[in-house]
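Bear in mind the structure is a predicted one, so any value in this text is a computation, not a measurement. Indexing begins at 1, ligand by ligand and atom by atom, following the structure's order. FYI, the numbering just counts along the sequence from 1.
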Amino acid sequence: MTGTFTAPKGTYDVLPPASATWLAVVDALSAPARGAGYGYLVTPLFEDTALFLRSVGESTDVVSKEMYTFTDKGGRSITLRPEQTAGVMRAIVEHGLFRGQLPVKVWYTGPNFRYEQPQSGRYRQHVQVGIEAIGTDDAALDAEVVWLGVQAYAGVGLTQAELQLTSLGDATCRPAYRDRLTEYLDTLDLDSDTRRRVRINPLRVLDDKRPQVQAQLGGAPLITDHLCPACKEHHETVRGLLTDLGVAFVDSPRLVRGLDYYTRTTFEFVHRGLGSQASLGGGGRYDGLMESVGGPALSGIGFGLGVDRTMLAVAAEGLTVADDARCAVFVVPLGATAKRRAVALVAELRTAGISTDLAYGDRGLKGAMKAADRSGARHAVVLGERDLEGGSAQLKNLATGEQVTVPLADLATTLLELS
Ligand code: HAM
């Protein structure tokens with residue numbers, strides 16, 4: 001077979017120079033967590049399928065419809081991770097990290113895989129930057145995690161990310177609320193598919209975007225009116241702490257997340273510039289998650305921020321997050337002796353911290369200068385045989401065309417002064 005290939009449906013390549021923005025976004029999204037005692041954790045791209053069934057929840061779309069699951073050559077059922085929180089819990093339990101200082105605080109980044117219908121902002125491979133803090137249900141930790149998310153987007157430079165916040169209650173109050181909501185939904189005119197969803201998870205029906213469903217939901221009971229005293233107090237404390245921190249949030253009692261493990265504090269960052277895939281990132285507390293993967297009954301809280309959608313939001317707001325990865329200096333050797341010296345010179349300049357590239361391919365002055373112009377470098381260093389004999393080089397400002405002779409020994413210092 002011959003022919004070319006394209007990236008698999010729902011995936012894409014991140015090419016230079018835009019990839020410089022990608023790297024800067026990952027850096028900015030993770031910087032607040034790195035500055036708050038979160039350690040970097042790397043987990044495998046694939047896990048035992050049962051891990052996701054037990055944690056993310058079998059009733060979710062993510063697990064029931066979207067997982068990349070296969071049997072490996074050893075006969076094990078393996079799934080490419082659709083998200084990273086489950087793997088983080090597995091690693092913390094497996095390595096007993098919960099026996100040390102609590103809360104355990106980690107951050108991570110990497111790709112996740114969901115077999116979704118691709119559209120702008122929705123892909124089959126997406127990358128998140130996330131954090132998890134496990135081992136205390138202190139509301140101050142909720143405030144920290146939410147605040148770190150706010151800081152993450154601020155660090156990228158986004159100004160139009162809205163924080164939506166609610167509490168989903170816990171095992172004490174949610175079941176009663178769920179019954180109430182089911183009773184209410186049963187009185188509505190819903191199609192059979194939606195009725196089925198009411199049985200599986202009635203909360204998710206609140207999130208149904210179709211106007212004919214939304215129009216009937218006006219009188220639906222809201223979880224925040226049915227929290228038990230402990231959840232209510234927790235929620236009020238989190239809201240108060242966020243207000244003290246100057247964090248703007250929108251109370252969003254209808255907020256529903258796509259994963260089943262959330263309890264109490266739940267939040268999402270939404271960006272109006274993103275169209276239908278508006279969720280930039282989200283997270284929340286999860287009381288029973290660690291237990292569900294065989295660990296102790298420790299509560300935790302975390303978030304996952306989508307890098308792909310953050311890139312789209314950066315474009316929607318017209319931000320420049322990174323200089324592209326061009327070199328500052330382009331070295332042009334003329335002739336074989338100069339070439340040999342140029343290879344050493346490039347190494348010297350790079351070692352001195354000056355980003356430098358070389359005209360490869362022995363193109364002659366005209367072709368090499370064209371390459372220098374195209375490279376986007378600010379300066380070209382032209383190394384001719386005669387210059388070399390005199391121990392110097394021509395330093396050319398590619399924007400102004402101005403050219404000076406500089407002794408090779410002074411070149412690095414001169415370039416550093418100019419940068
Ligand atoms: P999630 O809401 O499923 O949460 O995903 C987090 C973010 O990942 C979304 O807000 C979105 O930006 C991005 N994302 C998800 N799916 C896609 C997709 N198909 N294409 C592009 N971007 C996508 C979680 O995954 C949780 N593990 C977050 C968390 C951590 N909760 C607690 N700790």
Peer 1: Give the atoms of ligand 1, by number and element, whose distance to some non-hydrogen atom of Tyr262 is under 4.0 Å.
Peer 2: 26 (C), 28 (C), 29 (C), 31 (N), 32 (C)
Peer 1: Please work out which of Arg114, Met89, Glu132 has its closest non-hydrogen atom nearest to atom 16 (N) of ligand 1.
Peer 2: Arg114
Peer 1: Does an N or O anywhere in Tyr286 fall below 3.5 Å from an N or O of ligand 1?
Peer 2: no
Peer 1: Measure Phe267 to ligand 1 on non-hydrogen atoms and call it side chain, backbone, both or neither using the 4.0 Å cut-off.
Peer 2: neither
Peer 1: Determine, for Arg204 against Asp260, whether the closest basic-nitrogen to carboxylate-oxygen distance falls under 4.0 angstrom.
Peer 2: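 Yes, Arg204 and Asp260 are salt-bridged.
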Peer 1: Show, in sequence, the C-alpha distance, side-chain angles and deciding distance for Arg309 and His271, and conclude whether the side chain to side chain contact (heavy atoms under 4.5 Å, CB included) test is met.
Peer 2: CA-CA 9 Å; Arg309 291 188 193 166; His271 198 280; over 6 Å; no
Peer 1: Show, in sequence, the C-alpha distance, side-chain angles and deciding distance for Leu418 and Leu395, and conclude whether the side chain to side chain contact (heavy atoms under 4.5 Å, CB included) test is met.
Peer 2: CA-CA 11 Å; Leu418 289 171; Leu395 178 61; 3.9 Å; yes
Peer 1: Regarding ligand 1, does Tyr108 bring an N or O atom to under 3.5 Å of one of the ligand's N or O atoms?
Peer 2: no
Peer 1: Donor-acceptor pair, Ser167 side chain versus Gly169 backbone, under 3.5 Å?
Peer 2: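 Confirmed, Ser167 side chain pairs with Gly169 backbone.
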Peer 1: Would one find an N or O of Asp308, backbone or side chain, under 3.5 Å from an N or O of ligand 1?
Peer 2: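 Among all N and O atoms of Asp308, none is under 3.5 Å from an N or O of ligand 1.
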Peer 1: With nothing but distance in play, are any N or O atoms of Gln84 less than 3.5 Å from an N or O of ligand 1?
Peer 2: no
Peer 1: Can a salt bridge be assigned to the pair Asp193 and Arg195 using a cut-off of 4.0 Å between side-chain N and carboxylate O?
Peer 2: no
Peer 1: Without swapping roles, check the side chain of Thr109 against the backbone of Gln128 for a donor-acceptor pair under 3.5 Å.
Peer 2: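 Checked: pair present.
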Peer 1: Compute the shortest N/O to N/O distance between Leu280 and ligand 1 and return yes if it is under 3.5 Å, no if not.
Peer 2: yes
Peer 1: Pick whichever of Gln128, Glu66, Arg257 has a heavy atom sitting closest to atom 8 (O) of ligand 1.
Peer 2: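 The residue whose heavy atom sits nearest atom 8 (O) of ligand 1 is Gln128.
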Peer 1: Does the side chain of Tyr286 reach to within under 4.5 Å of the side chain of Ile134, using non-hydrogen atoms?
Peer 2: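 Tyr286 vs Ile134: side chains touch.
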Peer 1: Going by the atom numbers of ligand 1, which of them fall below 4.0 Å from some non-hydrogen atom of Tyr123?
Peer 2: 18 (C), 19 (N), 20 (N), 21 (C)
Peer 1: Do Leu259 and ligand 1 have an N or O pair less than 3.5 Å apart?
Peer 2: no
